[in-house]
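A quick note: this is a predicted structure, and the numbers were derived from the prediction, not measured. Lettering of chains follows the sequences in order, A, B, ..., and the numbering in each one begins at 1.
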Amino acid sequence: MNPAFFDRRAVDVARDLIGAGLDMAGAGGVIVETEAYEPDDPASHSFRGPSARNAVMFGPAGHAYVYRSYGIHWCLNFVCKPGSAVLIRALHPIRGLEEMERRRGLADPVLLCSGPGRLCQALGITIEHNGLPLFEPPFALSPPEAEPIVVTGRRIGISKVVDLPWRFGLSGSVHISRKFTGKGGLAPQDAAPGS
DNA sequence: TTTGTGATGCACT
DNA sequence: GTGCATCACAAAA
């Protein structure tokens, strides 16, 4: 997991991030759900060009783009090629469980990191992390240990270009934010044993 | 199980 | 003023 890994199309990076490890200061787990946002993508924050909020998306690849969602939550993205990024939507929590449970105020492992807002709350990610490189603390990324079975589907919560299959998930994982129906995507979500 | 809604900040028209 | 890359909880079915 080096700068070159991120300096590609967000769609490719998003797919390859499934199964990768993500930790923040010792708390985290395995990435099980992502979404890709491209420069010419009306659903992307970068679509209308650089602004104060999305400036990081136009900076170097391999940095964190954090923004406030619905005035309440934070969402974490990994910057890829200029104007593109991958939204990290869900983790399979593994390390630092007590810390994450404390931040979330609940102990259910399924609800701990299954959503972009939940994941940021569990890992303690805020706007303070916006623009930070992913190659040094508090971030710690690690490549997938085995070749994961990846399913695709429609992105969640957007109103434009809703049909693109740019959401990726680990097949069979119970830690994803919503099921992959197979409609906009392909494989059934219960194709592999749970994770 | 599905649908509805309040909370709450800020970018953009 | 409008619309969000969301979440939790209530109510309906």
Side-chain angles (χ1 to χ4, degrees), chain A residues 6 9-15 17-18 22 24 31-59 61 63-93 100-131 134 151-170 174-185 189-190:
Chain A
F6 293 100
R9 278 171 52 84
V11 180
D12 296 326
V13 176
R15 186 194 311 109
L17 277 172
I18 299 300
L22 167 61
M24 285 290 292
I31 297 174
V32 297
E33 185 184 348
T34 61
E35 278 179 5
Y37 289 88
E38 298 285 1
D40 57 351
D41 170 9
S44 173
H45 288 172
S46 62
F47 185 63
R48 296 160 204 231
S51 68
R53 178 177 66 158
N54 67 20
V56 174
M57 284 186 78
F58 293 90
H63 287 237
Y65 166 47
V66 181
Y67 69 91
R68 200 185 267 291
S69 172
Y70 289 90
I72 303 172
H73 307 101
W74 298 105
C75 286
L76 171 66
N77 295 253
F78 294 166
V79 176
C80 301
K81 287 174 78 78
S84 73
V86 173
L87 172 66
I88 309 302
R89 287 196 57 91
L91 297 183
H92 175 171
M100 294 194 284
E101 291 169 356
R102 183 183 60 74
R103 292 199 189 102
R104 289 276 291 123
L106 82 276
D108 186 341
V110 170
L111 295 178
L112 205 54
C113 301
S114 60
R118 292 166 174 167
L119 167 168
C120 283
Q121 185 181 28
L123 299 187
I125 292 172
T126 71
I127 192 63
E128 294 179 11
H129 302 288
N130 188 41
L134 303 173
V151 295
T152 67
R154 306 216 257 239
R155 293 178 291 179
I156 293 175
I158 59 174
S159 60
K160 299 161 189 169
V161 286
V162 298
D163 290 334
L164 292 177
W166 285 358
R167 174 175 175 238
F168 302 88
L170 178 62
V174 299
H175 301 283
I176 56 176
S177 63
R178 276 162 60 170
K179 290 180 179 176
F180 284 79
T181 62
K183 255 201 228 156
Q189 72 116 60
D190 54 351

Could you tell me whether the phosphate oxygens of C:dA8, OP1 or OP2, come under 4.0 Å of any side-chain nitrogen or oxygen in A:Arg104?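 Looking at the OP1 and OP2 atoms of C:dA8, one of them is under 4.0 Å from a side-chain N or O of A:Arg104.
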Looking at A:Ser44, I'd like to know whether one of its side-chain N or O atoms comes within less than 4.0 Å of OP1 or OP2 on C:dA5.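 Checking A:Ser44 against C:dA5: no side-chain N or O falls below 4.0 Å of OP1 or OP2.
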Whole angstroms only, please: what is the [atom1]-[atom2] distance between [X] and [N]?
X	N	atom1	atom2	answer
A:Arg155	C:dT6	CZ	C1'	16 Å
A:Glu33	C:dT6	CD	P	10 Å
A:Leu111	C:dC7	CG	C1'	11 Å
A:Phe168	C:dA5	CZ	C1'	15 Å
A:Lys160	C:dT2	NZ	C1'	12 Å
A:Trp74	C:dC4	CH2	C1'	15 Å
A:Phe47	C:dA5	CZ	P	13 Å

Which pair of heavy atoms, one from A:Glu38 and one from A:Ser46, lies closest together, and at what distance?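 Shortest heavy-atom separation between A:Glu38 and A:Ser46 comes out as O-OG, 3.9 Å.
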Could you check whether any side-chain heavy atom of [X] comes within less than 4.5 Å of a side-chain heavy atom of [Y], counting everything from C-beta outward?
X	Y	answer
A:Ile156	A:Glu33	yes
A:Pro93	A:His175	yes
A:Arg118	A:Cys113	no
A:Trp74	A:Arg68	yes
A:Met57	A:Ser44	yes
A:Leu164	A:Arg155	yes

Positive for ring pair (Phe, Tyr, Trp, His ring centres under 6.0 Å) with A:Phe78, one of A:Tyr37, A:Phe6, A:Tyr65: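 Looking at A:Tyr37, A:Phe6, A:Tyr65, the match for A:Phe78 under the ring pair (Phe, Tyr, Trp, His ring centres under 6.0 Å) is A:Phe6.
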Among C:dC4, C:dA5, C:dC7, the nucleotide that comes nearest once only the side chain of A:Met57 is considered: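 Of the candidates, C:dA5 comes closest.
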Give each protein N/O atom lying under 3.5 Å from an N/O atom of nucleotides 9-12 of chain B, with the pair distance.
| from | atom 1 | to | atom 2 | distance (Å) |
| --- | --- | --- | --- | --- |
| B:dG9 | O4' | A:Gly71 | O | 3.3 |

Along DNA chain C (nearest heavy atom to each residue), the more 5'-positioned of A:Gly157 and A:Gln121: A:Gly157
Given pairs defined as Watson-Crick or G-U wobble with both distances under 3.5 Å, what dot-bracket annotation applies to DNA chain B, with ( ) intrastrand, [ ] crossing, | other strand and . unpaired? |||||||.||||.
Is a side-chain donor or acceptor of A:Arg104 paired with a backbone partner of A:Leu112 at a separation under 3.5 angstrom?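 Yes.
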Would the distance check show the side chain of A:Asn54 and the main-chain N or O of A:Gly49 forming a donor-acceptor pair, the cut-off being under 3.5 Å? yes
I'd like a table of atom pairs between the protein and nucleotides 9-13 of chain C - only N or O on both sides, under 3.5 Å - with the distance next to each one.
none

Touch class at under 4.0 angstrom, heavy-atom based, for A:Ile158 against every strand present: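 Answer is sugar-phosphate: A:Ile158 comes under 4.0 Å of backbone atoms only.
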CG-CD1 distance between A:Asp163 and A:Ile158, expressed to the nearest 0.5 angstrom: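 Those atoms lie 9.0 Å apart.
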